[in-house]
Protein chains: 2
Amino acid sequence: MKNNPREKYDLLTGRLEEISRLGGVMSTLHWDQEVMMPEGAGESRARQMAALAGVIHEKSTDPALEDLLDGVEQADEMLFNPHEWCNIQEARRDYDLATKVPKSLVQEMAELGSRGHFVWVEARKAGRFGDFAPVLSRFIELKTQWARAVYPEWEAYDANIDPFERGMKMAELTPLFERIKKELIPLVQAIAEKPAPDTRFLKGDFAVEKQEALGRRISRDMGFSFDKGRMDISVHPFCGGGHPTDVRITTRYRTDNFIESLYAVIHETGHGLYEQGRMAEGRDLPVSESLSMGIHESQSLFWERMIGQGRPFLSHYLPVFAEAFPASFQGVTEGQLYAAVNACQPGLIRVEADEVHYPLHVILRYEIEKGLFEGSIQVLDLPEVWNGKMRDYLGLVPESDSQGVLQDVHWSGGAFGYFPSYTLGALYACQFYRALVKARPEVPEEVARGEFSGTREWLGEKIHRQGRLHNAGELTRHVTGEALNPDHFMAYLREKYGEIYQLN
Amino acid sequence: MKNNPREKYDLLTGRLEEISRLGGVMSTLHWDQEVMMPEGAGESRARQMAALAGVIHEKSTDPALEDLLDGVEQADEMLFNPHEWCNIQEARRDYDLATKVPKSLVQEMAELGSRGHFVWVEARKAGRFGDFAPVLSRFIELKTQWARAVYPEWEAYDANIDPFERGMKMAELTPLFERIKKELIPLVQAIAEKPAPDTRFLKGDFAVEKQEALGRRISRDMGFSFDKGRMDISVHPFCGGGHPTDVRITTRYRTDNFIESLYAVIHETGHGLYEQGRMAEGRDLPVSESLSMGIHESQSLFWERMIGQGRPFLSHYLPVFAEAFPASFQGVTEGQLYAAVNACQPGLIRVEADEVHYPLHVILRYEIEKGLFEGSIQVLDLPEVWNGKMRDYLGLVPESDSQGVLQDVHWSGGAFGYFPSYTLGALYACQFYRALVKARPEVPEEVARGEFSGTREWLGEKIHRQGRLHNAGELTRHVTGEALNPDHFMAYLREKYGEIYQLN
């Protein structure tokens, strides 16, 4: 190639934009599959998505990309600005990840992923972990091979964490989770000894149209742009869509409970604001993309827990709830609502857990995944290991594997190293919120007036528009002045639940 | 290549399936754009569709396709069955069409198409044909160049008709349309002299949910599978979706008129049944695809006009209408409904025209397009030519170009040669219906009982499952025992409207 580095950079970004746009198409297909697609189209859709995935893979592993990367990486540092260097580094990383793995391994993982899902569905239905164990064993082997191919110098589990939470390693996670576990177990035990808040008024008969109107109102209040997004219904709430100008959140409705659906809307709106808030330039380039799973989750949890489950928010919306559902909210006070929304209870199922118990579910899975990759836990022992940890951490033992080791979809697709992001997100959310209130002490009063623009704008400036310019560690220091620090999360829980449950 | 012809055929169909699947993705994106996409996503979606279109173009013009085609075309005739030969011939045709046109021309047409659309929108808004004239002139030039590139031995307008109605040429169309025009003009004049049927009861206040339920019921009665399809709302009704297992029809609702929306549902369901009814094998290969625009339109018009606007259908559904909208249908007889649904009236706008006037709108456009390509009509004279023909054929003159020469979107995208398919579809529909009733005289009684499976199955066997195995001429002979023959259509109109308007 005779192009100079600047020309090569332009050719490179042209290719990156093409890949990003095709990825946006894939996201729209995913959304459609979950929200719109008729049932009978499953097979044809799978073939269409496979064809598109094949094209994206071809484009992502095109040797011409490597030529361009080689050409720009040798350029003078001053030739490109930090945004441009970020695009170059991200492109290199993606190219290496896509090309370092032998094709046979990629194919076997894809095949096992789709077969494994069906095996898991059936095993969970039957409550028989033994039926799923061979899939899990094979996935551990394949993901170990994958780790060796992409990060030969790393521990295999560290390599598996990396795609979800870049740069996060067991060396940091293990002591972090040990500490949280040590402090959380006595906290949940103390809570369990206290009387539970009255949550009966949260049960009732809530018309779906009223729930939907309420969800849309609050999402809009938070700043979600329905001109650049949608809200629909799906079996599991999620945030998808193909572009920052096309962000699609979903929820689901139960007529006997509106609060679950509403907090799903708030949670997904948190994700959606991150996507809609991405930097205005280079939106089809890596620099503008969200940073990591944990940071994404920090945004949803920030809005769901730090804002939505807080007193100021509930004081503002109690009259709105009462207007929508007068029969349920007659005579309910702000304090009652706050206690009910934040009621804690140990349970077997991670996705139903409250913010106090949730980290224990995550830590249990982290310890098991780590043990599986290190060889200190054997797949066939998993039900026993799972149930033992559940008893130790949450004081509960599942009656069947369906409610225990088989409850999560993640392992059936080979997604190891994903769970820690949920708790990292909660830690980031709390630390970010404390930094926000320090910088803008007026936030709780604003929220109590239903004003969210100050908060959203702060998140936009500090996080959303930063894209991938910094890694999560740097970002945390920029936003909060210190590294990730679990003190904030633990203090928040102790303070909040100390008050609600009158612990000391 | 060392593969034998059979192996080459398999490689070829693998590539054709990939292209077809990516095309299905594009169709889903189109549907989403019209039905779901938030307004703010227009620009990003256009870029994503352009990226996908680029990929499909790359795949369709890959020289490896030509190698495979060369290899299989030389094979012994007996080596492949008719389905396989059809795939080979279709692939050759598509490859030639995609590769014979210089890239610069493709790009200029694409650019003019998207710019031209906006120019047209503004010109129509302002009622100023002069603003749009340069786009139209340039498109005629480009499409003439295009014709020379793909069918150098043909007249340019014949080449432009071909993508919509393969093999149909002016030599056949001109006398056909001359005959229809000559007989239709006196017919519409005779109708205009008679009193109009009472249509007042078709105006009223029709709740959208009731209209939707009615549309779904009738679509389902006709045999549309909602397990392999959807029905939604869009500005202009259409039938889209990405696969025979994922067929998506749309309609729109007006609360003061339910019949328009309902007939849009019936029309689009006719298209949808064609797609859902395609042959079970090879659905991602050309042989299974719909044959032509005209044949597609024959299916929608068959259901809309031959079935839906017929007496048996209306006699079955009158009680259903009356149950849904009791206030409007009190005391309305079957004969009144039949006359009202089939009321004729000349109008300026093609898309609002009834089946008697519609062909005159098409013939007017055909004559203009033919004249533009042959040079006998000049672009700048179009308003005058248009208005003169409107006066001669329909007795009306538009007050503004917006209601005249600027009314259709087609020319703004360079779609010349498309209009004839609408009237060809009407002719096919009528001829097919007469063949059906000859073969199955019980059809009108079945329809009067709301039974459509016999009709649908006949269409399925004779047309839908034939795919592209025969050209439209052969198909017409197979289905009806004769070539396309306008006698049927003219006799149908004279008979039907002779009765409704008591002509003789």
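So you know, we letter chains A, B, ... as the sequences are listed, proteins then strands, and number each from 1.
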Rounded distance [0.5 Å steps], [atom1] in [X] versus [atom2] in [Y]:
X	Y	atom1	atom2	value
Met37(A)	Arg248(B)	CE	CZ	8.0 Å
Gln48(A)	Ser20(B)	CD	OG	7.5 Å
Arg45(B)	Thr28(A)	CZ	OG1	5.0 Å

Proximal component of [X], with respect to chain A [non-hydrogen, under 4.5 Å]:
X	answer
Met26(B)	neither
Glu43(B)	neither
Asp227(B)	both
Leu29(B)	side chain

| field | Closest approach of Arg21(B) to Ala51(A) (non-hydrogen atoms, all atoms of both residues) | value |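 Heavy atoms only, the tightest pair is CB-CB, 3.9 Å.
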| query | Taking all non-hydrogen atoms of both residues, which atom of Thr245(B) and which atom of Ser44(A) are closest, and how far apart? | reply |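 Smallest interatomic distance, heavy atoms only, reads OG1-OG, 2.7 Å.
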| Largest heavy-atom contact set with chain B, pairs under 4.5 Å, which of Asp284(A), Val55(A), Val247(A) |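 Most pairs with chain B among the choices: Val55(A).
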| Counting heavy-atom pairs under 4.5 Å to chain B, which of Arg283(A), Lys59(A), Met49(A), Glu17(A) comes out on top? |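 Top count of heavy-atom pairs under 4.5 Å with chain B: Lys59(A).
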| Ion pair Glu18(A)/Arg47(B), N-O distance below 4.0 Å |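 No, no charged N to carboxylate O under 4.0 Å.
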| What option among Ala41(B), Gly23(B), Gly24(B) has the most heavy-atom pairs under 4.5 Å with chain A? |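 Winner by heavy-atom pair count: Ala41(B).
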| request: Heavy-atom distances under 4.5 Å only: say whether Glu58(A) touches chain B with side chain, backbone, both or neither. | output: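 The answer is the side chain of Glu58(A).
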Would you say [atom1] of [X] has more than 12 non-hydrogen atoms from neighbouring residues, nucleotides or ligands within 6.0 angstrom?
X	atom1	answer
Glu281(A)	CD	no
Phe118(A)	CZ	no
Glu39(B)	CD	no

| said: Between Leu52(A) and Leu52(B), is there a side-chain heavy-atom distance shorter than 4.5 Å? | reply: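 In short, these two side chains touch, coming nearer than 4.5 Å.
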| field | Heavy-atom side-chain contact between Pro38(A) and Arg230(B) under 4.5 Å | value |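 Pro38(A) reaches Arg230(B) side chain to side chain.
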